[in-house]
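Written out below as structure tokens is the structure these notes cover.
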2 protein chains.
Amino acid sequence: MPTPSTPRKSPGRPPRISREEVIEAGRRIVAEQGADRLTMRRLAAEVGSTPMALYHHVRDKEELLLLLLDEYAERTMRRPEPSGTPREQTIAAAAAIHDALRDCPWAAELLTADDLMSPTALWFVEQIVDGLIRSGLTPEQAVRGYRAIWYYTLGQITITAAAANRRTRDPRPTRRAQIFTALDPAELPRLARLADRWAAITAEDTYLDGLRALVDGLITDQGGNADRSLG
Amino acid sequence: MPTPSTPRKSPGRPPRISREEVIEAGRRIVAEQGADRLTMRRLAAEVGSTPMALYHHVRDKEELLLLLLDEYAERTMRRPEPSGTPREQTIAAAAAIHDALRDCPWAAELLTADDLMSPTALWFVEQIVDGLIRSGLTPEQAVRGYRAIWYYTLGQITITAAAANRRTRDPRPTRRAQIFTALDPAELPRLARLADRWAAITAEDTYLDGLRALVDGLITDQGGNADRSLG
DNA sequence: GCTACTTTTTATACATGTACAAAAATCAAG
DNA sequence: CTTGATTTTTGTACATGTATAAAAAGTAGC
């Protein structure tokens with residue numbers, strides 16, 4: 001962490017690359033070649049240095065990707081105008097996070113690690129929590145509710161991203177297909193009857209339906225005195 | 001896939017190791033040394049063979065882990081006696097899956113890939129779907145509801161497992177801590193006011209609360225004619 | 001110039017999953 | 001016994017993140 005408080009030249013070997021340079025080069029590689037082509041060696045070549053030199057400017061590859069994600073969020077996430085009930089505000093904010101992540105599939109596994117998002121995305125978290133509080137939850141309940149929404153959202157992103165990956169990279173029949181064709185109707189009647197429709201149903205994008213159900217459940221389960229006016 | 005339909009000896013070089021041997025050795029390594037010590041090279045040494053020989057018996061490491069997970073589920077998951085409303089049945093089945101995965105942290109990232117669980121666990125899926133249908137949902141709605149529950153459950157497991165990993169391996173302060181101490185109360189009033197309680201609240205295990213909310217929301221959102229009798 | 005100290009860069013090394021190709025070990029046919 | 005076909009095993013190689021230690025390049029004090 002170079003402290004430029006004093007403009008005096010700092011001791012030590014002068015850096016040939018900067019943190020900003022590294023991040024910028026990473027952004028370029030991801031944009032031009034895709035996130036899976038971003039390796040520390042390629043990145044080093046891009047900035048004209050060696051792999052290990054990068055580690056003096058970013059802690060590890062994960063931190064670099066989180067920084068890229070911050071930039072991405074700041075560039076693309078737009079705040080919706082405030083309108084609708086608190087419930088709708090919560091749903092809109094969660095959906096905005098979901099949409100941003102859906103278009104950025106390499107981000108999913110990152111966010112399982114650090115549980116919060118970029119500074120930019122915190123505004124959306126605020127909207128979710130605020131909507132829940134104005135729906136009648138206590139602040140503590142609202143935070144727990146936000147966590148539930150976050151679990152649901154990240155789970156959906158992770159699973160559908162992985163499924164898409166699987167389809168493009170490996171056309172072999174999935175285990176699900178094999179198992180579902182051989183279900184015992186006596187043991188598992190519901191699943192057996194649904195077997196042929198299962199693939200189609202699970203291929204739908206039902207994020208919003210589940211999100212609405214979850215938010216409704218959170219509001220009615222834990223907040224009796226909901227403020228349903230527009231505030 | 002050796003087809004033992006005809007007991008006649010098959011041509012080709014006779015195998016020195018079997019699929020079952022590989023799986024058993026894998027189980028042993030995971031039990032004695034932990035899942036992160038299970039590498040293809042160690043496994044090969046354990047069965048007295050070479051790494052690449054394993055690939056004639058399992059497709060890749062992921063398939064091996066899925067097989068181990070099947071075994072684990074079969075060994076540990078116990079069916080609860082059928083009691084309670086359909087709603088409670090759904091919740092109990094989901095909670096059973098959750099508990100099994102919580103005690104098996106290496107499984108989480110696996111299941112983001114293949115969207116279904118072991119044959120043993122399918123019984124619990126049946127219970128979830130059945131409970132939703134008996135609560136008034138159509139079969140299609142019930143499958144979508146199950147998916148929502150699955151997203152929520154896997155998201156919760158993944159995130160809390162990753163957080164635990166982080167804490168044990170890297171005591172550096174998380175980004176969340178740094179960001180939350182410097183929140184602007186004018187921009188993000190709710191979060192600023194909650195900042196000091198945030199860590200404690202998000203450390204709680206609130207899986208069941210969220211699950212109940214989600215199931216309630218699924219039932220009341222989409223099924224008006226719920227069967228609330230015991231059936 | 002020389003020494004101590006600090007910061008950045010470089011070189012080397014390891015563990016990992018697994019692609020690829022060659023080799024080995026069996027059976028059936030001639 | 002030889003030849004081919006088939007299956008399993010083995011050996012080699014690569015790409016990856018990153019640990020570790022050494023080297024390089026500067027400043028400050030002498």
Side-chain angles (χ1 to χ4, degrees), chain A residues 1-22 25-26 29-30 33-68 106 109-110 113 165 169-170 172, chain B residues 1-4 6-22 25-26 29-30 33-68 106 109-110 113 165-166 169-170 172:
Chain A
M1 306 302 167
T3 313
S5 60
T6 42
R8 203 165 54 89
K9 231 172 182 178
S10 55
R13 177 171 177 167
R16 303 168 60 93
I17 56 179
S18 70
R19 184 183 171 102
E20 284 68 32
E21 225 175 318
V22 170
I29 292 179
V30 170
Q33 314 187 38
D36 44 335
R37 304 284 296 177
L38 175 59
T39 70
M40 299 306 269
R41 285 171 172 82
R42 247 185 285 271
L43 183 54
E46 181 83 14
V47 299
S49 184
T50 60
M52 291 313 291
L54 304 173
Y55 286 83
H56 266 258
H57 305 275
V58 295
R59 181 155 77 191
D60 50 18
K61 189 183 180 185
E62 183 178 311
E63 184 186 75
L64 171 65
L65 289 173
L66 280 173
L67 292 169
L68 293 180
W106 54 273
E109 62 193 52
L110 272 185
N165 244 349
R169 279 197 327 212
D170 190 345
R172 278 171 293 195
Chain B
M1 306 303 163
T3 314
T6 41
R8 200 163 55 89
K9 228 174 184 177
S10 56
R13 175 170 177 167
R16 302 169 61 93
I17 57 179
S18 70
R19 183 181 171 103
E20 284 68 32
E21 226 174 316
V22 171
I29 291 179
V30 170
Q33 314 187 39
D36 44 335
R37 305 284 297 178
L38 176 59
T39 69
M40 298 306 269
R41 286 172 170 82
R42 247 184 285 270
L43 183 53
E46 180 84 11
V47 300
S49 184
T50 61
M52 292 310 294
L54 305 173
Y55 286 84
H56 263 85
H57 305 275
V58 294
R59 178 153 80 191
D60 49 19
K61 192 183 178 185
E62 183 179 312
E63 184 185 76
L64 172 66
L65 289 173
L66 280 173
L67 291 168
L68 293 180
W106 53 273
E109 60 193 52
L110 271 186
N165 243 350
R166 181 89 10 157
R169 280 197 324 210
D170 190 345
R172 278 171 294 194

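Here is how names work: the chains are called A, B, and so on, in the same order as the sequence lines, proteins then strands, and each is numbered from 1.
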A/Ile17 CD1 to C/dT7 C1': how many Å, rounded? 13 Å

Spacing between A/Arg16 atom CZ and C/dT10 atom C1', to the nearest angstrom: 11 Å

Write down the protein N/O and nucleotide N/O pairs, taken from nucleotides 23-26 of chain D, whose separation is under 3.5 Å; answer none if there are no such pairs.
unit_1, atom_1, unit_2, atom_2, d
D/dA24, N3, A/Arg13, NH1, 3.4
D/dA25, N3, A/Arg13, N, 3.3

Taking only residues two or more places apart in sequence, or in another chain, which ones meet A/Glu63 in a salt bridge (charged side-chain N to carboxylate O under 4.0 Å, His left out)? A/Arg19

If you restrict it to nitrogen or oxygen atoms, what contacts under 3.5 Å exist between nucleotides 16-21 of chain C and the protein, and what is each distance?
unit_1, atom_1, unit_2, atom_2, d
C/dT16, OP1, B/Arg42, NH2, 2.8
C/dG17, OP1, B/Lys61, NZ, 2.6
C/dG17, OP2, B/Met40, N, 2.9
C/dG17, N7, B/Arg41, NH1, 2.8
C/dG17, O6, B/Arg41, NH2, 3.1
C/dT18, OP2, B/Tyr55, OH, 2.9
C/dT18, OP2, B/Lys61, N, 3.1
C/dT18, O4, B/Arg41, NH2, 3.3

Which distance, rounded to the nearest 0.5 Å, do you find between the CH2 of B/Trp106 and the CG of B/Leu68? 5.0 Å

OP1 or OP2 of C/dT10 sitting under 4.0 Å from any side-chain N/O of A/His56? no

Mind checking the OG-NE2 spacing from B/Ser49 to B/His57? Nearest 0.5 Å is all I need. 7.0 Å

Taking only residues two or more places apart in sequence, or in another chain, which ones meet A/Pro51 in a side chain to side chain contact (heavy atoms under 4.5 Å, CB included)? A/Arg41, A/Ala44

Hey, is the main chain of A/Ile29 close enough, under 3.5 Å, to the side chain of A/Arg37 for a donor-acceptor pair? no

So how far off straight is the helix from C/dG1-D/dC30 to C/dG30-D/dC1, going by the axes through five pairs at either end, to 10°? 40°

Taking only residues two or more places apart in sequence, or in another chain, which ones meet A/Arg16 in a side chain to side chain contact (heavy atoms under 4.5 Å, CB included)? A/Arg13

Under the side chain to side chain contact (heavy atoms under 4.5 Å, CB included) test, which residues partner A/Thr50, sequence neighbours left out? A/Ala53

List the residues meeting side chain to side chain donor-acceptor pair (under 3.5 Å) with B/Glu46, not counting sequence neighbours, and say none if there are none. B/Arg28

Distance in angstrom units between B/Leu54 CG and D/dG11 C1', rounded: 15 Å

Criterion side chain to side chain contact (heavy atoms under 4.5 Å, CB included) on A/Glu62 and A/Leu65, from CA distance to verdict: CA-CA 5 Å; A/Glu62 183 178 311; A/Leu65 289 173; 5.8 Å; no

Any side-chain N or O of B/His57 under 4.0 Å from OP1/OP2 of D/dT8? no

Testing the basics here: between B/Val47 and B/Val22, what is the closest heavy-atom pair and its distance to 0.1 Å? CG1-CA, 4.3 Å

Could you tell me the separation between the NZ atom of A/Lys61 and the CG atom of A/Leu54, rounded to the nearest 0.5 Å? 11.5 Å

